[in-house]
Amino acid sequence: MDNIKQVIGVKKQKLKKLQDLKINPYPNRCKRTHKIIQLLSKKEEYIKNEEVVTITGRLGAMRRMGKVGFGNISDESGRIQIFVKKDQVGEENYKIFKLFDLGDFVQIEGNCFNTNRGEFSLRAHRVKILSKSLLPLPTVKEKVVDGKKKRFDEFSDIELRYRKRYLDLLLNPEVKEIFQIRAKILQKIREFLNSKDFMEVETPILQPLYGGANARPFVTHHNTLDIDLYMRIALELYHKRLIVGGIERIFEIGKNFRNEGMDRSHNPEFTMLELYQAYADYNDMMDITEEMILYIAKEVFKTDKLPFGDKIISLKKPWRRASMIELIKEETGFDASNFDLEKIKSFCEKHELEVDEKSGPGKLIEEIFEAFVEDELIQPTFVTDFPKEISPLAKEKPGNSDLTERFELFINGNEYGNAFTELNDPVDQRERLEAQSKLREMGDVEANVVDEDFLEAMEYGMPPTGGLGLGIDRLIMLFTKKSSIKEVILFPQMKPEE
RNA sequence: GGGCUUGUAACUCAGUGGUAGAGUAUCUGCCUUUUAAGCAGAGAGUCGAUGGUUCGAAUCCAUCCAGGCUCACCA
């Protein structure tokens with residue numbers, strides 16, 4: 001018999017022994033008078049008044065010696081040592097205690113005291129099983145060396161951590177902190193936007209047509225309607241319909257689904273914040289982005305600086321605003337402002353950038369930007385005025401038909417958001433979507449599709465509008481200093497195990 | 001998809017051609033203030049999978065599976 005089966009067998013035997021003692025290993029009721037943190041925060045008081053308290057939690061380490069035993073009990077709030085003495089709890093209760101395994105949920109009634117070694121502990125008067133575990137938890141031990149906790153046999157296999165996130169959360173306390181921060185940031189975003197009179201909305205995830213971004217969708221099928229539906233790749237087109245409908249400020253925090261590769265900054269489903277504001281433009285979107293991220297930093301982290309290795313990122317306003325063309329010129333000396341296809345191509349070839357014959361000057365300018373500029377943008381920077389060619393939903397820049405009023409936000413070399421003065425000219429919008437559609441026919445699987453229903457909404461009239469999309473997962477990565485998106489998503493997509 | 005790299009007990013890892021190892025966990029015994037408890041003993045493995053080379057493979061080779069880093073792709 002292999003090891004794990006043997007361990008499970010032992011645990012099942014113990015469960016049976018409990019049942020033989022007429023003890024329900026999974027009782028319906030339990031009792032808790034105190035969270036562990038309450039005891040820990042007023043140690044002297046609880047020792048002095050000898051109050052009888054009842055705690056519940058999962059059993060961690062066990063140190064048993066003959067007629068006395070120690071164990072650690074953890075609830076969500078903290079961890080405390082328990083001390084179980086045969087003379088104290090009695091024969092019957094001690095028998096139950098001996099049937100406890102690591103990982104079991106238990107209830108301990110007792111009073112607080114300090115052990116000879118000075119550790120604050122709970123002296124058990126009565127013990128009770130709340131839930132028997134049948135699988136052994138990986139064992140992580142820790143020792144305090146020079147005031148620092150040193151871990152042994154850490155549960156550190158990255159693949160296992162993601163596949164069995166519950167174990168990760170249980171065994172690596174810092175993981176929970178990341179998701180607490182995530183929750184807090186989301187809460188602060190909502191707080192901030194609500195204070196600015198933005199209304200939170202929910203729009204369809206299952207869509208008859210998809211749009212609002214360049215990406216391949218997931219396809220699914222509705223049985224009763226007998227039609228294919230797409231999982232949304234962006235929130236944009238439905239939000240604009242709401243702006244048409246007269247709601248002036250809206251936002252949604254929701255999942256997008258893109259059927260593309262996965263790596264440390266891409267998960268097939270990811271969380272986006274999109275917001276739209278009528279009677280506003282991309283300058284307003286820059287203001288609100290700046291203000292919101294600074295608000296998060298101050299509210300959640302009480303700072304306006306993010307240290308990154310030897311760099312310090314300052315979130316103090318104002319952030320730099322510079323056009324893509326300007327930044328390219330700054331980094332490379334190359335002036336692309338005239339959109340001269342031949343000159344741009346020869347620049348690309350000189351620098352060994354791949355040139356797709358189908359690419360226009362706008363697409364190539366973006367490639368030059370990605371190759372030379374992106375990584376240099378450490379301090380928060382709004383990169384503005386994107387080529388129109390690659391911005392089918394953004395409004396043209398007045399006086400320059402090659403450019404649009406669009407920006408992307410870069411911090412520490414990564415992209416965090418995308419925003420524009422939204423295109424609200426229905427004729428222009430139709431032309432641009434049809435141009436995308438042509439790209440599609442030429443084989444660009446990520447080009448937008450023509451959404452007649454959306455175009456019709458545009459034709460009824462949309463006010464001048466600013467729109468913003470922010471990648472929430474990446475924002476969490478920034479604030480928690482994680483380099484993998486899997487660290488900030490509770491259940492990241494994994495390949496199936498063989 | 002390319003390059004590099006990892007996969008050995010439930011967990012963390014040694015083991016580079018000659019009988020599968022350690023610590024933790026589990027079990028047995030001793031132990032009434034321990035804390036990575038201790039001491040003594042025991043059980044526990046398809047060495048990621050499949051082929052191949054070899055008298056002999058965890059080890060060498062090939063392919064595949066699942067990770068990680070990195071480059072490419074990708075709003």
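For the numbers below, each heavy atom of this structure counts, side chains included, while hydrogens, waters and symmetry mates do not.
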Asker: Is B:C69 paired to anything, Watson-Crick or G-U wobble with both distances less than 3.5 Å, and if yes, which nucleotide?
Answerer: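 Base-paired to B:G3.
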Asker: Please report the distance separating the C1' of B:A36 from the corresponding atom of B:G43, rounded so that it comes out in whole Å.
Answerer: 23 Å
Asker: How close or far is atom P of B:C27 from atom NZ of A:Lys98, stated in whole angstroms?
Answerer: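 These atoms are roughly 12 Å apart.
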Asker: Could you list all N or O pairs between the protein and nucleotides 23-25 of chain B that sit under 3.5 Å apart?
Answerer:
from	atom 1	to	atom 2	distance (Å)
B:G23	N2	A:Asp153	OD1	3.2
B:G23	N2	A:Asp153	OD2	2.9
B:U24	O3'	A:Lys141	NZ	3.3
B:U24	O2'	A:Thr139	OG1	3.4
B:A25	OP1	A:Lys141	NZ	2.8

Asker: Taking only side-chain nitrogens and oxygens of A:Arg163, does any of them come within less than 4.0 Å of OP1 or OP2 of B:G67?
Answerer: yes
Asker: With both distances under 3.5 Å as the test, what is the Watson-Crick or G-U wobble partner of B:G43?
Answerer: none
Asker: Let's see if you can work this out: which of B:U12, B:G43, B:U33 has an atom nearest to the side-chain heavy atoms of A:Asp157?
Answerer: B:U12
Asker: Any non-hydrogen side-chain atom of A:Met285 less than 4.5 Å from a side-chain atom of A:Leu275?
Answerer: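 Yes - at least one pair of side-chain heavy atoms lies under 4.5 Å apart.
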Asker: So, A:Lys17 and A:Asp20, do they make that salt bridge, N to O below 4.0 Å?
Answerer: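 A salt bridge is absent here (no side-chain N lies under 4.0 Å from a carboxylate O).
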Asker: At less than 3.5 Å, do the side-chain atoms of A:Glu119 and the base atoms of B:U33 form a donor-acceptor pair?
Answerer: no
Asker: Between A:Arg117 and B:U34, does any side-chain N or O lie under 4.0 Å from OP1 or OP2?
Answerer: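 Yes, such a contact exists.
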Asker: Quick check for you: to the nearest 0.5 Å, what is the distance between A:Glu366 atom CD and A:Lys363 atom NZ?
Answerer: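 It comes to 5.0 Å.
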Asker: With sequence neighbours left out, which residue pairs that include part of residues 101-138 of chain A fulfil the ring pair (Phe, Tyr, Trp, His ring centres under 6.0 Å) condition?
Answerer: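 Listed once each, the pairs are A:Phe83-A:Phe113.
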Asker: Please enumerate all residues that pass salt bridge (charged side-chain N to carboxylate O under 4.0 Å, His left out) together with A:Lys345, with sequence neighbours excluded.
Answerer: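 Once residues adjacent in sequence are excluded, the partners of A:Lys345 under the salt bridge (charged side-chain N to carboxylate O under 4.0 Å, His left out) criterion are A:Glu357.
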Asker: Who are the side chain to side chain donor-acceptor pair (under 3.5 Å) partners of A:Asp153, not counting sequence neighbours?
Answerer: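 Listed in chain order: nothing, the list is empty.
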Asker: Among B:U34, B:G67, B:U32, which nucleotide sits nearest the side chain of A:Lys495?
Answerer: B:G67
Asker: Checking base pairs now: Watson-Crick or wobble, both atom distances under 3.5 Å. What partners B:A10?
Answerer: B:U24
Asker: Using a heavy-atom distance cut-off of less than 4.0 Å, which residues of residues 383-392 of chain A contact RNA chain B?
Answerer: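 Output list: A:Ile390.
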Asker: Evaluate the side-chain proximity of A:Asn412 to A:Lys311: yes if any heavy-atom separation is below 4.5 Å, no if none is.
Answerer: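 A side-chain contact exists here, since the closest heavy-atom pair is under 4.5 Å.
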Asker: Using a cut-off of strictly less than 4.0 Å, decide whether A:Arg63 has a side-chain nitrogen or oxygen near OP1 or OP2 of B:U35.
Answerer: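 For A:Arg63, the contact criterion (side-chain N or O under 4.0 Å from OP1 or OP2 of B:U35) is not met.
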Asker: When the C1' atoms of B:U70 and B:G23 are considered, how many whole Å apart are they?
Answerer: 34 Å
Asker: Expressed as a whole number of Å, how far does the P atom of B:C13 sit from that of B:U8?
Answerer: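 Their P atoms lie roughly 10 Å apart.
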Asker: Both distances below 3.5 Å, Watson-Crick or wobble geometry, any strand: find the nucleotide opposite B:A49.
Answerer: B:U63
Asker: Can you figure out which of B:G68, B:C27, B:U33 approaches the side chain of A:Val10 most closely?
Answerer: B:C27
Asker: Across all strands shown, which nucleotide pairs with B:G56 by Watson-Crick or G-U wobble geometry, both distances under 3.5 Å?
Answerer: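 Its partner is none (no Watson-Crick or G-U wobble pair with both distances under 3.5 Å).
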Asker: What's the closest nucleotide to the A:Gln6 side chain, out of B:A44, B:C73, B:G68?
Answerer: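 Nearest to the side-chain atoms of A:Gln6, counting from C-beta on, is B:A44.
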Asker: For A:Glu119, check salt bridge (charged side-chain N to carboxylate O under 4.0 Å, His left out) against everything at least two apart and list the hits.
Answerer: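 Applying salt bridge (charged side-chain N to carboxylate O under 4.0 Å, His left out) to A:Glu119 gives none.
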Asker: Once salt bridge (charged side-chain N to carboxylate O under 4.0 Å, His left out) is applied, do any residues pair with A:Glu50, and if so which ones, sequence neighbours excluded?
Answerer: none
Asker: When you get a sec, tell me which of B:C11, B:U34, B:G68 is the closest nucleotide to the side chain of A:Pro138?
Answerer: B:C11
Asker: With the side chain of A:Ser121 defined as its heavy atoms from C-beta on, choose the nearest nucleotide among B:U32, B:U26, B:U34.
Answerer: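 Closest nucleotide to the A:Ser121 side chain: B:U34.
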Asker: Using the salt bridge (charged side-chain N to carboxylate O under 4.0 Å, His left out) rule, collect all pairs that involve residues 72-90 of chain A, keeping only residues at least two apart or in two chains.
Answerer: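 Qualifying pairs: A:Arg32-A:Asp75, A:Glu76-A:Lys176, A:Arg79-A:Glu142, A:Lys86-A:Glu91.
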Asker: Using the salt bridge (charged side-chain N to carboxylate O under 4.0 Å, His left out) criterion, which residues pair with A:Lys240? Sequence neighbours excluded.
Answerer: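 Salt bridge (charged side-chain N to carboxylate O under 4.0 Å, His left out) list for A:Lys240, sorted by chain: A:Glu236, A:Glu422.
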Asker: Closest to the A:Phe70 side chain: B:C73, B:U33, B:G68?
Answerer: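 It is B:U33.
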Asker: Measure NZ/A:Lys67 against C1'/B:U32 and give the value in whole Å, please.
Answerer: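 Interatomic distance, NZ of A:Lys67 to C1' of B:U32: 8 Å.
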Asker: State the pairing partner of B:U33; accept Watson-Crick or G-U wobble contacts with both distances under 3.5 Å, and report none otherwise.
Answerer: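 None - no nucleotide pairs with B:U33, as no candidate has both distances under 3.5 Å.
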Asker: Of the nucleotides B:U33, B:G68, B:C11, which one has an atom closest to the side chain of A:Phe155?
Answerer: B:C11
Asker: Which residues satisfy the side chain to side chain donor-acceptor pair (under 3.5 Å) test with A:Lys98, sequence neighbours excluded?
Answerer: none
Asker: Strictly below 4.0 Å, heavy-atom distances to any atom of RNA chain B: list the hits from residues 359-369 of chain A, or just say none.
Answerer: none
Asker: Among B:C27, B:U34, B:U70, which nucleotide has an atom closest to any side-chain atom of A:Lys14?
Answerer: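 Selected nucleotide (nearest to the side chain): B:C27.
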Asker: Going by the rule side chain to side chain donor-acceptor pair (under 3.5 Å), which residues pair with A:Asp104 if we only count those two or more places apart in sequence or in a different chain?
Answerer: A:Lys132, A:Ser133
Asker: Which residue, A:Met494 or A:His266, contacts RNA chain B at a nucleotide closer to its 5' end, judged by nearest heavy atom?
Answerer: A:Met494
